[in-house]
Amino acid sequence: MSLSCTAKREWRKLPVPLSELHINTVLRCGQSFRWRKNGNEWSCALSARILTLQQTPTHLLYHAIPFSPPGHPTTEDLLRDYFQLNISLSDLYKKWAAADPHFQRISSSFGGIRMLRQDPWENLVSFICSSNNNISRISGMVQGLCTEWGAPLGSVDIPSPVDPEDGMPLEEKTVAYYDFPPPEKLCGDEVEGRLRKLGFGYRAGYIVETARMVNDKGLDWLVGLRERPYQEVKEELVKLKGVGPKVADCVALMSLDKKGAVPVDTHVLQIAQRDYGFGKTKNKTLTTKTYDAIGEHFRNLWGEEAGWAHSVLFTADLKSFSEQLVKTKTETTSVSVKKERVVVKNETGTGTGVEKETPGEVKEQTRTTKRVRVKVEVKKEVNEEVNDEVKEQMWDDDVNGVPSSLAERVKRRRR
DNA sequence: ACTGTACCTGGGCA
DNA sequence: ATGCCCAGGTACA
């Protein structure tokens, strides 16, 4: 470990409103599994550097070690590319909201959710890990993989937090960062067994086999899929081991520039059934026809960037984003909302596994109180008036009863 | 083509 | 305490 950063850090900043990017949501909504939060700072090994971010209502603050690794883009260029800041998210939100009243309701509480433009190889392996799994464990698996095979980039000293009760400093920590290992590092005969020891389960074999396939074709082939049309990209990805339609859509959407790819997982299926009139399926696993029908429905509804729009609703549906709000004390009230009429297109005429839901009448549907609290809480966060100082981070959700700060974690550990 | 089932692991829940 | 279910599915018969 050559680099250890204790030097004073110089922050640079980009003007970015929260409506365009909300890192507290985007970095933990299951797109990337490697970002870590310390206090108000988010850090991740990215493009051969340790990148750290903070956000104010008006700016994205960043620094990196090293700041400009040889053979890699500058950190500012990296950020513009990674967050795709050339794309106006507020324009897209307006378009989606105009086309879809349900999107409008949900999105008013979940602003600034955009797709990251990730490294395709890391994205691919991460989502092979995602099958039949949860975000928490996926994060641990990916971190274990990077620690075992990734190139060490250095370590960062986490500023010593202070015990809120007695004002005494708590334990200090140094966190090491590793790059994501390239395919050739995961081709060896010993890799599968070591992955299993790291808790990858049956996914260990998928990863090794896919690493060998990608290594044979070359990383250029994988990255080159960015230039190919969506259908072709999906056909190619599905040939890889452990990659089915859902994982292929994730990779197409999150790292291969296919904005219309809509990954249909259990959450999206539930959303389609609960909010968009898709009938209950008989089987637990989706048929290809139902899978495709849901994607087509959303592409017809939201347009060519349907995958981006889907991410907003997916995030709003994540347990971690509603659970954290259950704890807050908020009036428990229930509201009723109009359910939209949805006519599911049935192109074959012989049934897609999707049943139509009495399209004649507009039904009333009672929402859970949970969801109401989501709305209340997030609005409070966004509407908070603050000045532009980094230390005045009233808008950060740590102050809203979410024990995610390092100080809180350390404190709980001591109990 | 379509359907059912096994698959690693860990946490929540009855 | 033990078993069952679920978690951003996929491979295989």
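In what follows, every heavy atom counts, from backbone to side chain, and hydrogens, waters and symmetry copies are set aside. Throughout, a chain's letter reflects where its sequence line sits, starting with A, and its residues are numbered from 1.
- Sequence order on DNA chain C of the closest nucleotides to A:Gly242 and A:Phe33 puts A:Phe33 first from the 5' end.
- Annotation: proximity of residues 120-128 of chain A to DNA chain C (heavy atom, distance under 4.0 Å) is found for no residue.
- Checking A:Gln143, A:Glu122, A:Gln118 one by one against A:Arg34, the side chain to side chain donor-acceptor pair (under 3.5 Å) holds for a single residue, A:Glu122.
- Residue contacts shown for A:Cys29 include a base, since a base heavy atom lies under 4.0 Å away.
- Ionic pairing of A:Arg194 and A:Glu148 is present here: one or more N-O contacts between side-chain nitrogen and carboxylate oxygen are shorter than 4.0 angstrom.
- Taking atom P in both C:dT2 and B:dC8, the straight-line distance is 24 Å, to the nearest Å.
- Nucleotides of DNA chain C with any atom under 4.0 Å from a heavy atom of chain A span, from 5' to 3', C:dA7 to C:dC12.
- Near DNA chain B, meaning a heavy atom under 4.0 Å from it, residues 243-268 of chain A has no residue at all.
- Not counting sequence neighbours, A:Phe83 has no partner by the ring pair (Phe, Tyr, Trp, His ring centres under 6.0 Å) test.
- Residues from residues 201-212 of chain A with heavy atoms under 4.0 angstrom of DNA chain B, sorted by number: A:Gly201, A:Tyr202, A:Arg203.
- Sequence neighbours left out, not one pair with a member in residues 210-250 of chain A passes ring pair (Phe, Tyr, Trp, His ring centres under 6.0 Å).
- A:Arg274 has a carboxylate O that lies under 4.0 Å from a charged side-chain N of A:Asp317, or vice versa, which qualifies the two as a salt bridge.
- Checked against A:Tyr62 for a side-chain contact (heavy atoms from CB on, under 4.5 Å), the options A:Thr75, A:Leu78, A:Thr52 give a single hit: A:Thr75.
- Between the CE atom of A:Met254 and the CZ atom of A:Arg117 there is a distance of 15.0 Å, given to the nearest 0.5 Å.
- Comment: A:Arg299 engages A:Glu296 in a salt bridge, judged by a side-chain N to carboxylate O separation of less than 4.0 angstrom.
- For DNA chain B, the span of nucleotides reached by chain A at under 4.0 Å from its heavy atoms goes, 5' to 3', from B:dC2 to B:dT9.
- Residue contacts shown for A:Thr285 include a base, since a base heavy atom lies under 4.0 Å away.
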(request) Using Watson-Crick or G-U wobble pairs with both distances under 3.5 Å, give me DNA chain C in dot-bracket, 5' to 3', with [ ] for crossers and | for pairs to another strand. (result) .||||||.|||||
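- By the ring pair (Phe, Tyr, Trp, His ring centres under 6.0 Å) test, A:Phe200 is found to be paired with no residue, residues two or more places apart in sequence or in another chain being considered.
- For A:Arg137, the side chain to side chain contact (heavy atoms under 4.5 Å, CB included) criterion is met by A:Asn133, A:Asn134, A:Met141, A:Arg203, not counting sequence neighbours.
- Listed by chain and number, the residues in a ring pair (Phe, Tyr, Trp, His ring centres under 6.0 Å) with A:Phe67 amount to none (sequence neighbours excluded).
- When heavy atoms are screened at a 4.0 angstrom cut-off, A:Asn132 is found touching base atoms of the nucleic acid.
- Note on A:Leu240: only backbone sugar-phosphate atoms sit closer than 4.0 angstrom, heavy atoms only; bases stay farther off.
- Remark: side-chain polar atoms of A:Arg114 are paired, donor with acceptor, to backbone N or O of A:Ile87 under 3.5 angstrom.
- Using a 4.0 Å heavy-atom distance criterion, A:Lys241 is classed as a sugar-phosphate-only contact.
- Partners of A:Phe127 by ring pair (Phe, Tyr, Trp, His ring centres under 6.0 Å), not counting sequence neighbours, listed by chain and number: A:Phe33.
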